[in-house]
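Heads up: the structure comes next, in structure tokens.
Order of listing sets the numbers, starting from 1, for every ligand and every atom in it. Please read these numbers as outputs of a predicted model, since none were measured by experiment.
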Amino acid sequence: MRHRLEVAAKKGMLADSAMIAHGRGEAYDYLLGERTIPSAHFASQIALQSLQQAEHPVLSVNGNVVALAGDEVLQLAEKLNCPVEVNIFYRTPERMHALLSDLNERKKRLGVEVEILGENPDATIPGLKGPRAKCESRGILQADVLLVPLEDGDRCEALVAMGKTVIVIDLNPLSRSSRRGSITIVDELSRCLENMLSMPMQDLPTSDSYNHSQSLQNALNEIVDGMKYKFSEAKD
Ligand code: PTJ
């Protein structure tokens, strides 16, 4: 994963703070045992069901997401028959170009038919200032259900305030995005997307069986339990 970020950084795809965000994620993943915990698996099923039932589902991607799991995002978009929108917090024309080119190369290599939005923003997310508010009216603006992995807290709140169902993937159960999102999957991005790709689309649980605060509490409890490891008893 680090190597993927190094390659992406050289191509100009990443924000300056991308490595900081990744390091924070790695630390939480370590505490979670680098595995998908049961509450995250359940939240992924709920998320997949919500995306499947949506009228206008959109997968929103930033620099880290394209670098770490660009292939999986495109495959999931094909499975759901929905667009992917490049929507970055630290927006520059150079980064947008690098990210759109990378996704288009992946699309060709994978042979998937997915619409990629973000190049021609013609709308703004209300309540956000500056370039980070830019989005496409056919994409994020009209979306009813949005997948936003590794999202910034401000933008997550702004999207929720627009009345959208916002699905967050974030290893930190305490982050503002995790808490403010409608459905939060506390799992590593690529692991989570691989799980969602392998899930059958039938017989998924519906959102009325999802308890947001309980799901976050379960993730926090897993971290706390993981910390009860006893070195004196461990032989390995
Ligand atoms: O490409 P841009 O300009 O949109 O910027 C992207 C980053 C990620 C740099 C930007 O959104 C940012 O600064 O994010 P934050 O506020 O650092 O939040 C990132 C969150 O993602 C943190 O809570 C991390 O714990 C979490 N995280 C990092 N890597 C992973 C992760 N969660 C799941 N899987 C990961 N691989």
Check this for me - ligand 1, [X], N or O atoms closer than 3.5 angstrom, yes or no?
{"X": "I169", "value": "no"}
{"X": "E188", "value": "yes"}
{"X": "A18", "value": "no"}

In terms of residue, atom name and distance, what is the protein heavy atom nearest to [atom]?
{"atom": "atom 7 (C) of ligand 1", "value": "N64 OD1, 4.2 Å"}
{"atom": "atom 32 (N) of ligand 1", "value": "L171 N, 3.1 Å"}
{"atom": "atom 1 (O) of ligand 1", "value": "R95 NH2, 2.7 Å"}
{"atom": "atom 21 (O) of ligand 1", "value": "L150 CG, 3.5 Å"}
{"atom": "atom 20 (C) of ligand 1", "value": "D170 OD2, 3.6 Å"}
{"atom": "atom 17 (O) of ligand 1", "value": "R24 NH2, 2.6 Å"}
{"atom": "atom 6 (C) of ligand 1", "value": "N62 ND2, 3.6 Å"}
{"atom": "atom 12 (C) of ligand 1", "value": "A21 CB, 4.4 Å"}

> Any salt bridge between R138 and E85, counting N to O under 4.0 Å?
Replying inline: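 Result for this pair is no, no salt bridge flagged.
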
> So, are D71 and R109 salt-bridged, with charged N and O less than 4.0 Å apart?
Replying inline: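 Here D71 pairs with R109 in a salt bridge, since their nearest N and O are under 4.0 Å apart.
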
>> With the threshold set at under 4.0 angstrom, would you say I20 reaches ligand 1 through any of its heavy atoms?
In response: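 It does not, in that no heavy atom of I20 comes within the 4.0 Å cut-off of ligand 1.
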
> Just to confirm, does any protein heavy atom lie below 4.0 Å from atom 10 (C) of ligand 1?
Replying inline: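 Under the 4.0 Å cut-off, atom 10 (C) of ligand 1 has no protein heavy-atom neighbours at all.
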
>> Please evaluate residues S44 and D187 with respect to the criterion side chain to side chain donor-acceptor pair (under 3.5 Å), reporting the C-alpha separation (whole Å), side-chain torsions for both, the decisive distance (0.1 Å), and the verdict.
In response: CA-CA 9 Å; S44 310; D187 199 2; 5.3 Å; no

>> For a quick test of reading the model, state the closest non-hydrogen atom pair linking L117 to E136 and the distance between them.
In response: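 Of all heavy-atom pairs spanning L117 and E136, the closest is CD2-OE1, 3.6 Å.
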
> Quick one: do the Q49 and Q52 side chains pair a donor with an acceptor below 3.5 Å?
Replying inline: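 Their side chains do contain a donor-acceptor pair, which is all the 3.5 Å distance test asks for.
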
